[in-house]
Novice: 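This is the structure I want to talk about, given as structure tokens.
Order of the sequence lines sets the chain letters (A, B, ...), proteins ahead of strands, with each chain counted from 1.
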Amino acid sequence: MTGGPLEGIRIADFTFAWAGPYATDLLVYMGAEAIHVESNRRPDHSRMISLTTRGRFTGLNQSSVFNDMNMGKLGITLDLTKPKAVVLAKRIVKVCDVVAQNMRPGVMERLGLGYEALQEVKPDIIYLSSSARGAHGPERTYVGYAPSFAALGGISCITGYPDGAPAQMYGEIDLISATTSAFAILAALNHKQRTGEGQHIDLSSSEATSVLIGEVLMDYFMNGRVQSRSGNRDDIMAPHNCYRCKGDDKWVSIVVSSDEEWKAFCEAIGEPEWVDDDRFCDVYSRKQNEEELDRLIRQWTIGHTHHEVMDILQKVGVAAVPSYNSEELYQDPHLKERGLFTEVDHIDGGKHIVVSPPWRFSATSARIGPRAPLFGEHNQYVFGELLGMRDEEIKSLIGERVIY
Amino acid sequence: MAKGALEGAKVLEYAAFVSGPYCTKLLADLGAEAIKIEEPGPGDEARRRGPFPGDIPDLEKSALFLYLNTNKMGITLNVNTPTGKKIFKELVKWADILVEDKPPKVMEELGLDYNALKVINPQLIMTSITPFGQTGPYRNYKAHHLNIYHGSGLGYLTPSEVDNLEREPLKGGGLLGDYVSGLYAAMATLGALYAKGKMGLGQHVDSSRQQALINIQRVQASAYPNEKVNLSRTAQSSGKAGMGGAMPCKNGYIAATLAQDNQWEAFCELLGHPEWWENEKMRDSYTRGEAYSEIEPFVLEWMMNRTKEEIYHQAEAMSCPIVPFLSPDEVANDRQLEARGFFVEVDHPKAGKIRYPSAPYQFSKTPWSVRHPAPLLGQHNDEVYCQLLGYTRGDLVKLRGAGII
């Protein structure tokens, strides 16, 4: 194993909340160094509150969400509304390869830290701007959070029960946007590696969800069809649903995708006569009689645990997987063997169990942890060692609340 | 035309349906050269999936396939034959990146697993996108989008904010989870490509679709190991009581996501009651839920008297994030997307001109682009076998006759 692919890459990280910080953290897993910029005027709000879990935190070094989204970063404090702080920010950018920010479009420009201003300082900078609606267009200044991206992007409207409201979606949407941002930055880094050229990336978090329903949008353009919510159902395959199992709120998802699988399914659950039953004998009939089929399957699943159903059906080549909760993910033998969770330090002084990255490189290991920075933890290192400022100078800037 | 960010990278795809092809598409749309391998005969499953123009099934007109395979060359190859394997290996020699989605045991049985391929091309990046990853007891288990969505724990939380747990947990709409797995794999692949450019390093990228989706709900997923609690679909258990959830208005639903004090202040003003913000309970985020429950009937009525468009633009003008839930037709006609040129018309030889979503990122120097539409089945056999690998036209006839291409 060697160091991470991005060892030697440094990021000036002006992001906050989830969608921005997780984007740069994905690059930190790959070996990059990120300097996360906050200030007392505006601490990262994930240090204080979590919309997804409704966690509230008393001090600035308590939040497990902040710890999770910013693992392995350096943390400094700069009040960017002060001109001297902007000068320092530019000195930091000068020794960085990437700038990432997810403020409302126009804010960084007003601070003097827009792409053009920073390109003067560092001509080959890669600069990511991530926002709810993108950096240009009539709605560029509109603000939003994960639920807004999902609502505007169209994915919420096709998620939910057929007779219910669109599903509000939370943190997972931020992290989709973040992963898209990390992908875009990596593409730009690869281009720079080959050509030496940096560039600006304007990313829209709501568009980052729209691209994930491409065929749904094309169905509208081709056929004028407006797809809507269909629960767990599929257009073609049946059974294709989540069925109640033995226990409290336990469920298993089952999909039969061919007649061959249907035969194996019927035999495995002890209902071989269903194979040739007129109502279920081919894909078309099963889809036509899906309600009845689901009712019958539920009668079988309710007598088994979801793990039993998975074992019985996977053995005969039928896709069945439980609908896991957090506890079951934690205890699942497969995920244990995969090393799903990693224990890192918590900024509150304790330990914190986090989800490991979903990829494994055979030759370079992921760098996970050790933890997120305490508020302003690396001021001395960044201003003193990295920028070479003298102690008195740093002290006086702290006194002036520039480093703040 | 300006060059794409990944110009010069060569990608070989041996994958079908959504996750693998989306991974390759993300790279190809940024300039990578991509060759897609399909089984002779039926080809990629996405070709049979639709939706189709006019609902008339046609292997060359499935929107899912057309969308996921832009900028790729397409060849047919039966990898189960000895000659097919030999050709596959020649293509692996050509490639920087191989994207594949077969169960681990299948690649091993074919003798085309990473250990075999790295001998042929030591600098190869092999990205394997499988339901449960390359290791562990479930590595060869079958799973479709529905299964992975539930197996990741995301389904258990969907939909959020229901009143009780009577009804079944749900998957994300469409094939959301499969796209996300492809996105993660593409990101990891670019990390590996960077390492290759820097150190000449090849490697195997083991990308688990289940773990990709667990990662996007990583905070919720780690609730139990840290706090011994399980989040669920009910408002109470997920802690999202209050304004969470879709709120009905005159012509649909809106999502109000007020995260910060100034947004609540703006909200009170928007509804014509700035005095609400004078209430101490409302100002304190800890007691706000209680204060909100008192004004909730008024809020619901106010929303019901207005359209989602009115609410959206008025609220956003006051920096208050209240947005409409847009249906696919509304996304398709969205003025912001129009202004950003988000939808692009692609002309395909069989399916004709259709508007496609482009990309959510705009690069200032290396634009995203569709250089050519999705390939017809076997469209580039001549180009790849003859021009790239040096087979003759006569060889092609024989290979075709033998059912290899």
Side-chain angles (χ1 to χ4, degrees), chain A residues 5 30 54 137 139 142-145 147-148 151 154 157-160 165-167 172 175 183-184 186-187 191 193 199-200 202-204 207-208 211-216 218-222 226 242 249 253 255 314 319 321 323-327 330 334 337-338 353 355 358-360 362-363, chain B residues 5 51 53 63-64 67 136-138 141-142 144 146-147 150-151 153 155-156 159 165 168-169 173-174 179 187-188 190-191 194-195 197 203-204 206-207 211-212 215-218 223-225 230 239 246 255 257 316 321 323 325 327-329 331-332 336 339-340 355 357 360-362 364-365:
Chain A
M30 295 188 188
R54 272 291 185 240
E139 295 176 10
Y142 283 22
V143 286
Y145 297 93
S148 334
C157 251
I158 61 162
T159 302
E172 63 274 17
L175 301 198
F183 169 79
L186 277 162
H191 176 73
Q193 186 184 57
Q199 58 185 319
H200 182 245
D202 163 15
L203 185 135
S204 156
E207 289 174 6
V211 292
L212 309 178
I213 57 168
E215 76 284 4
V216 175
M218 287 170 70
D219 197 13
Y220 172 75
F221 286 125
M222 294 182 318
V226 180
C242 208
D249 199 33
S253 62
V255 175
Q314 289 285 357
V321 182
S323 192
Y324 284 123
N325 64 22
S326 168
E327 182 177 2
Y330 185 56
H334 174 79
E337 194 173 322
R338 297 280 300 167
I353 295 169
V355 173
W359 68 85
R360 264 198 221 167
S362 58
Chain B
L64 186 66
Y67 177 58
Y138 306 161
Y141 276 12
K142 249 188 213 171
H144 300 269
L146 175 79
N147 306 109
H150 285 288
Y156 191 77
L165 299 172
E168 69 281 8
Y179 278 96
M187 185 208 48
L190 286 189
Y194 196 83
Q203 56 187 325
H204 192 196
D206 168 4
S207 199
Q211 282 176 256
N215 261 271
I216 62 164
Q217 63 116 0
R218 53 186 294 121
Y224 182 83
N230 279 308
T257 317
E316 287 284 0
V323 313
F325 282 91
S327 49
D329 54 324
V331 174
Q336 175 69 4
R340 290 174 62 78
R355 299 187 84 194
Y361 29 72
Q362 300 193 1
S364 62
K365 305 241 175 79

Novice: Under a 4.5 Å heavy-atom cut-off, does chain B meet the side chain of A/F183, its backbone, both or neither?
Specialist: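 Both backbone and side chain.
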Novice: Considering non-hydrogen atoms only, spot the tightest contact between B/V323 and A/A151 and give its length.
Specialist: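 Of all heavy-atom pairs spanning B/V323 and A/A151, the closest is CG2-CB, 3.8 Å.
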Novice: Please identify, among A/L175, A/I158, A/V216, A/L212, the residue contributing the most non-hydrogen atom pairs under 4.5 Å to chain B.
Specialist: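 It is A/L212.
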Novice: Give the member of A/M222, A/Q314, A/H200 that has the highest number of heavy-atom pairs under 4.5 Å with chain B.
Specialist: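 Heavy-atom pairs under 4.5 Å are most numerous for A/Q314.
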Novice: Could you tell me which non-hydrogen atom of A/S326 sits nearest to which non-hydrogen atom of B/P225, and how far apart they are?
Specialist: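 That would be OG-CD, 3.6 Å.
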Novice: Please find the pair of heavy atoms, one from B/Y67 and one from A/G214, that lie closest to each other, and give the distance.
Specialist: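 Residues B/Y67 and A/G214, closest heavy atoms: CE2-CA, 3.4 Å.
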Novice: Return the minimal non-hydrogen interatomic distance between A/V226 and B/P328, and the atom names on each side.
Specialist: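 What the structure gives for the nearest pair is CG1-CD, 3.9 Å.
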Novice: Between B/E316 and A/E139, is any pair of side-chain heavy atoms under 4.5 Å apart?
Specialist: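 They are not in contact (no side-chain heavy atoms under 4.5 Å apart), so the answer is no.
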Novice: Which heavy atom of B/P137 sits nearest a heavy atom of A/E337, and at what distance?
Specialist: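 That would be CD-OE1, 3.4 Å.
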Novice: When only pairs under 4.5 Å are counted, which of A/A165, A/G144, A/A167 shares the most heavy-atom pairs with chain B?
Specialist: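 Between A/A165, A/G144, A/A167, the count favours A/A165.
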Novice: Quick one: of A/V321, A/D202, A/L203, who has the most non-hydrogen atom pairs under 4.5 Å with chain B?
Specialist: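 Highest number of pairs under 4.5 Å: A/D202.
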Novice: For A/Y220, which atoms come within 4.5 Å of any heavy atom of chain B: side chain, backbone, both, or neither?
Specialist: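 Only the side chain of A/Y220 comes within 4.5 Å of chain B.
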Novice: Do you know the tightest heavy-atom contact between B/K365 and A/Q199?
Specialist: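 For B/K365 versus A/Q199, the nearest heavy atoms are N-OE1, 2.8 Å.
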Novice: Which atoms of A/E327 are under 4.5 Å from chain B, going by heavy atoms: the side chain, the backbone, both sets, or neither?
Specialist: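 When you check distances to chain B, atoms from both the backbone and side chain of A/E327 fall under 4.5 Å.
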Novice: Report which part of A/Y330 has an atom under 4.5 Å of a heavy atom belonging to chain B: side chain, backbone, both, or neither.
Specialist: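 Only the side chain of A/Y330 comes within 4.5 Å of chain B.
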Novice: To the closest 0.5 Å, what do you measure between SG (A/C242) and OH (B/Y156)?
Specialist: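 It is 11.0 Å, given to the nearest 0.5 Å.
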Novice: Quick one: which of A/L186, A/V211, A/T159 has the most heavy-atom pairs under 4.5 Å with chain B, could you say?
Specialist: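 Maximum pair count with chain B is reached by A/V211.
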Novice: Are A/M218 and B/P51 close enough that some pair of their side-chain heavy atoms sits under 4.5 Å apart?
Specialist: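 Not in contact.
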Novice: Based on non-hydrogen pairs under 4.5 Å, which of A/R360, A/R338, A/H191 is most in contact with chain B?
Specialist: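 Option with the top pair count is A/R338.
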Novice: Are the side chains of B/M187 and A/M30 in contact, using a 4.5 Å heavy-atom criterion?
Specialist: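 They are in contact (side-chain heavy atoms under 4.5 Å apart), so the answer is yes.
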